Amino acid sequence: MSPSMFDVAIIGYGPAGATLANQLGQLGMSVLVLEKDAEIYPLPRAIHFDGEVMRVFETAGLRTPMEAISRPGHKGMYFNNAQGETLLIRAGTSAHGPHGCANNYYFHQPELEQVLREGVKRFPQVVVRTQHEVTAIEEVDAHVALQVLDITTQSKYTVHAKYVVGCDGARSLVRKVLGTTMMDLGLHQPWLVFDVLLNDNAPELPDHTVQHCDPARPMTYCNVTGNRRRWEIMLMPGDDPQELVKPDTLWRLVSKWIQPEHADIERAVIYTFHSVIADHWRKGRLLLAGDAAHQTPPFLGQGMCAAIRDAANLAWKLEAVLLHGVEDALLDTYQSERAPHVHAFIDLAVKLGDIIQTTDPEAARARDAKFKAGQPEIFQFPAPKLGAGVWVNDHPLAGQIFPQPMIDASSHKGLDQVLQNHFAVIADPDLLQAVDADTLESWQHNQVVQVPWTATELHAWFVQNKVAAVLLRPDRYILGVAQNSQDLMQLTQQFPQQTKAVH
Ligand SMILES: Cc1cc2nc3c(=O)[nH]c(=O)nc-3n(C[C@H](O)[C@H](O)[C@H](O)COP(=O)(O)OP(=O)(O)OC[C@H]3O[C@@H](n4cnc5c(N)ncnc54)[C@H](O)[C@@H]3O)c2cc1C
């Protein structure tokens, strides 16, 4: 039996909605997921996620099935000019990066969404209704009423939830109801996305991603997983979109790599890549997440990653407000923290887009000369700080993601397995003993997991960063840094003030 009032209704069952459903399910909330489509969108879109995102999946109990459908990308991304010279490299990955896993993974989006949906089945209080389209949304009294169309029977009904999260994609209805404008970060460019399945007779293709920065026709090549390969091909002035997606044209465009007998076409479609962020992610009981809140050109493979980070940021705040009576102003910190973080990634994607999308031969020559002068330059993903929110801004590390060191190398046990969905204090063992009874009581009351930094990798991080203790939030961002027991006690006092009775 479904409750008459759900804690949270999630509109849209793509990666954002399905990740949030897993997290809220784990936290014991009653959740209704409404999705208009019958099945997972079957064609490939996202193909890359990063190590921080794998950690979110790990905390949701889904690392093993995610590893089974993905491959670590060891070799990074090469930006080559028309002559094949490398201008710029996004660094590859080690098997065990700062997040306790690889830094980059490649995957087929429908398979990833299937893992997320299987995960949701663990939680009986999470109700999923596919082929149910939300047609109207109204905030009434202390809840939200949703009008829903059951597409199979064509009947309409109303459901109620305390909060609604619009994970309903780029054309979000929730965003329209919320009435927000969008901040335009400047890039809107049509690209052809061409996916193939290689046959056994295919020639060897690069393992790494290649940004082929040829001003005559900018293109991206990606090794996805198994025999799946992708080319993203920029539309040039004068291109006829109808012609571009015809098999003859497609094979001609990739003829430098493969011939028609080497692969079967999976699909070819033209997408316009956008770079936008909604000005408002929350109004009252309505919130936005994923593509509904922001869209980025996929040059860094970060659109879905941002959606997953949204879910991780929002889940513990919804728990605090709905299950532990915290003031709902806490939910305002969701946008204030996440929007600048998303902005940093989109800015970099737009900047890389400017490099890749150069079509003026003269400008391309100048670009090549600049990069070749002292190159190739190697860069990592940015690790931006959160915007202002639930963290104490008195140390450069506060507001940053904390790494996932091994706690027990012999059993491959990482920190996150100990912390699960809790706040944590990680400290010099002596400091943990030196705090007063009030601090200990506060930690107990707030179910703060106490971790002495004795494990080798953990200890090394504290020595390297010259700090004595950190307080972590359930999403692994650093709430605050302490250098002695006094600091730690003070930080603990501030922490429940910010998130009073969070647990
Ligand atoms: C070519 C391409 C390449 C990409 N590559 C990458 C990459 O490598 N890495 C990466 O991180 N990201 C990438 N992305 C972006 C990524 O695919 C998206 O960011 C991600 O799918 C967004 O997830 P979402 O859940 O927010 O939205 P969506 O996946 O769009 O899901 C929204 C869901 O809401 C449902 N819905 C909408 N309205 C309603 C309604 N009224 N009622 C009920 N249901 C509704 C829709 O049917 C849909 O299922 C790429 C995108 C493209 C197009």
Side-chain angles (χ1 to χ4, degrees), residues 9-21 32-50 52-54 56 70 73 77 104-110 112-113 116-117 128-137 146-151 159 164-177 189-195 209 220 222-225 230-234 267-276 278 288-311 314 342 345-346 349 381:
I10 297 173
I11 305 179
Y13 206 23
T19 304
L20 188 62
L32 174 64
V33 183
L34 296 161
E35 165 58 54
K36 66 181 167 56
D37 290 346
E39 304 292 343
I40 290 169
Y41 183 69
L43 295 175
R45 289 181 290 164
I47 56 171
H48 163 271
F49 66 80
D50 61 36
E52 185 183 341
V53 165
M54 182 56 108
V56 176
S70 60
M77 181 191 281
N104 303 289
Y105 289 89
Y106 290 87
F107 67 100
H108 180 48
Q109 185 167 339
L112 177 137
E113 292 191 38
L116 290 172
R117 290 188 182 195
V128 177
R129 294 183 191 152
T130 53
Q131 291 192 285
H132 287 248
E133 179 173 6
V134 176
T135 54
I137 303 164
L146 300 176
Q147 305 292 322
V148 185
L149 171 69
D150 178 339
I151 292 170
V159 282
V164 168
V165 187
C167 300
D168 49 347
R171 296 198 191 100
S172 169
L173 170 70
V174 182
R175 193 178 65 226
K176 283 190 196 95
V177 173
Q189 172 65 42
W191 280 68
L192 167 65
V193 179
F194 177 35
D195 290 278
T209 300
T220 308
C222 311
N223 175 7
V224 185
T225 48
R230 168 176 293 176
W231 282 267
E232 292 172 2
I233 301 166
M234 187 169 130
R267 67 87 181 261
V269 71
I270 292 167
Y271 282 98
T272 298
F273 297 163
H274 293 290
S275 52
V276 288
L288 298 176
D291 276 14
H294 41 74
Q295 291 144 48
T296 176
F299 303 127
L300 277 172
Q302 279 291 335
M304 186 197 77
C305 295
I308 308 300
R309 286 192 251 268
D310 288 348
L314 196 49
V342 170
F345 274 100
I346 300 182
F381 279 125

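Bear in mind the structure is a predicted one, so any value in this text is a computation, not a measurement. Counting convention: from 1, in listed order, for ligands and their atoms alike.
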Going by heavy atoms, is Y271 under 4.0 Å from ligand 1?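 Right, Y271 reaches ligand 1.
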Any nitrogen or oxygen of [X], side chain or backbone, less than 3.5 Å from one on ligand 1?
X    : result
R230 : no
A16  : yes
L173 : no
M304 : yes
E133 : no
E232 : no
E35  : yes
C305 : yes
I47  : yes

Measure from NZ or CZ of R45 to the centre of the six-membered ring of Y271, then state whether that distance is under 6.0 Å and the direction lies within 45° of the axis.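 No; the conditions do not both hold, so R45 does not lie above the ring face of Y271.
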Nearest atoms (heavy-atom pairs only) where [X] meets [Y]:
X    : Y    : answer
I151 : K36  : CD1-O, 3.3 Å
A307 : A16  : CB-CB, 3.9 Å
L288 : A293 : CB-CB, 3.9 Å
C305 : D50  : SG-N, 3.7 Å
S172 : A292 : CB-CB, 3.5 Å
T135 : V148 : OG1-N, 4.3 Å

Can you tell which part of [X] has a heavy atom less than 4.0 Å from ligand 1: side chain, backbone, both or neither?
X    : answer
R129 : neither
Q295 : neither
Q302 : backbone

Suppose I only count heavy atoms of [X] and a 4.0 Å limit; which atoms of ligand 1 are within that range?
X    : answer
G290 : 26 (O)
H132 : 43 (C)
C167 : 32 (C), 33 (C), 34 (O)
G301 : 7 (C), 8 (O), 9 (N), 10 (C), 11 (O)
V193 : 1 (C)
D291 : 18 (C), 19 (O), 22 (C), 26 (O)
I11  : 40 (C), 42 (N), 43 (C)
H48  : 7 (C), 8 (O), 9 (N), 10 (C), 11 (O)

[atom]: nearest protein contact (heavy atom, Å):
atom                    : value
atom 23 (O) of ligand 1 : P15 CD, 3.4 Å
atom 31 (O) of ligand 1 : G14 CA, 3.6 Å
atom 29 (O) of ligand 1 : R45 NH2, 2.9 Å
atom 13 (C) of ligand 1 : A46 CB, 3.3 Å
atom 37 (C) of ligand 1 : D168 O, 3.3 Å
atom 17 (O) of ligand 1 : Q109 OE1, 3.1 Å
atom 42 (N) of ligand 1 : V134 N, 3.1 Å
atom 27 (O) of ligand 1 : G169 CA, 3.8 Å

Using modelled atom types only, decide if a donor and an acceptor are shared between the side chain of [X] and the backbone of [Y] within a distance under 3.5 Å.
X    : Y   : value
D168 : G12 : no
R309 : E52 : no
R230 : P44 : yes
Q109 : A46 : yes

Aromatic rings F273 and W191: how do their planes relate, parallel, tilted or perpendicular, breaks at 30° and 60°?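 F273 and W191: parallel rings.
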Is there a side-chain contact between L173 and I137 in this structure, where contact means two heavy atoms from C-beta onward sitting under 4.5 Å apart?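 Heavy-atom side-chain distance check passes, below 4.5 Å.
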Contact check, side chains of T296 and S275, non-hydrogen atoms, under 4.5 Å: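 Contact flag for T296/S275 side chains = no.
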With a 6.0 Å cut-off (strictly less than), is the heavy-atom count around CD of Q147, excluding the residue itself, greater than 12?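 More than 12 within 6.0 Å, yes.
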List the steps, then state whether side chain to side chain contact (heavy atoms under 4.5 Å, CB included) holds for L146 with L32. CA-CA 11 Å; L146 300 176; L32 174 64; 5.5 Å; no
Side chain to side chain contact (heavy atoms under 4.5 Å, CB included) between H48 and M304, intermediate numbers included: CA-CA 9 Å; H48 163 271; M304 186 197 77; over 6 Å; no
